[in-house]
Amino acid sequence: VLSYYRQLGREHGVLVTTRFYLRVAGARIRHRLDNALPGVRVECPCCGWRGRSFRDYVDLGYRVAASVCPRCESHSRHRALSLWLRDPDIARRCRGRALVFAPEKCLEGSWTELPEARVIRLDLEPSRGVDFLADICALPLASGSADFVSCHHVLEHVHDDRGALRELFRVLAPGRSMLLSVPMSADPATREYGRPDPLESGHWRSYGDDFRARLADAGFALRPLVPFPPPVALRHGIRPEPVFLCEKP
Ligand SMILES: [Zn+2]
């Protein structure tokens with residue numbers, strides 16, 4: 001904690017860093033107090049934790065209320081993916097060689113529940129416990145060699161996201177599917193920052209509704225996913241966020 005404080009202090013200054021740490025501590029205390037009361041309102045499908053509320057996620061530049069599972073650190077997007085992987089249609093598609101980009105620990109159990117998938121975990125750097133180090137814009141894989149791709153909240157960290165989409169399309173076998181999401185705003189058009197924004201977790205851009213066109217430009221056909229019913233979303237702390245089921249024709 002101290003070494004991270006020093007690192008953030010060097011990058012953003014002592015005042016910003018101290019304020020950030022106090023906000024983190026406040027969120028944890030509020031969560032402890034709320035969950036000391038009896039009653040179960042929410043449940044994490046990734047790890048099975050049950051309680052009254054998820055914890056607020058606090059970053060340098062923003063806060064997301066009731067977002068993080070206190071046991072496995074899952075966020076809304078992880079819990080949504082965990083439920084999607086139990087969907088019979090998605091589970092049917094997720095078989096053979098399944099590439100999982102930027103794998104997250106909280107989803108390990110969800111992937112191992114898929115008996116027909118041989119999961120291959122890839123990232124640009126080794127800290128996530130990956131099987132292969134790989135640049136998503138220049139994948140060391142043969143064309144058409146993947147049977148399934150999972151790529152969640154990755155492209156916003158990639159400078160050349162269109163190049164990454166072309167690579168994902170190339171390595172996917174014809175007739176196979178990719179499950180993909182990016183953080184999206186309500187804006188119609190994507191806003192490019194021209195550099196990673198440190199106050200937005202290093203995102204290169206804020207995606208708008210035109211993100212669908214980027215997927216189509218890369219060659220993917222989009223299959224609509226029906227959103228979770230409100231009680232299911234509420235129970236699992238899942239915010240409405242588009243997840244794209246993309247097929248390579
Ligand atoms: Zn959890």
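Values below: every heavy atom of this structure, side chains too, minus hydrogens, waters and symmetry copies. Every number for a ligand or one of its atoms is a count from 1 in the order of the listing.
- Ordered by chain and number, Cys44 SG, Cys47 SG, Cys69 SG, Cys72 SG make up the set of protein N, O or S atoms under 2.8 Å of the Zn ion (ligand 1).
- Checked for salt-bridge contact, Asp89 and Arg223 miss the test: no charged N lies under 4.0 Å from a carboxylate O.
- Remark: Arg79 fails to qualify as a cation-pi partner of Phe228 under the 6.0 Å distance and 45° angle criteria applied to the six-membered ring.
- For the pair Glu192 and Arg214, the salt-bridge criterion is met [side-chain N within less than 4.0 Å of a carboxylate O].
- Contact check for Arg121 versus Trp111: no side-chain heavy atoms found under the 4.5 Å cut-off.
- No continuous path of ILVMFWY side-chain contacts below 4.5 Å connects Leu180 to Trp84, so the two sit in separate hydrophobic clusters.
- When all heavy atoms of Asp56 and Ala65 are compared, the pair lying nearest together is OD1-CA, 3.4 Å.
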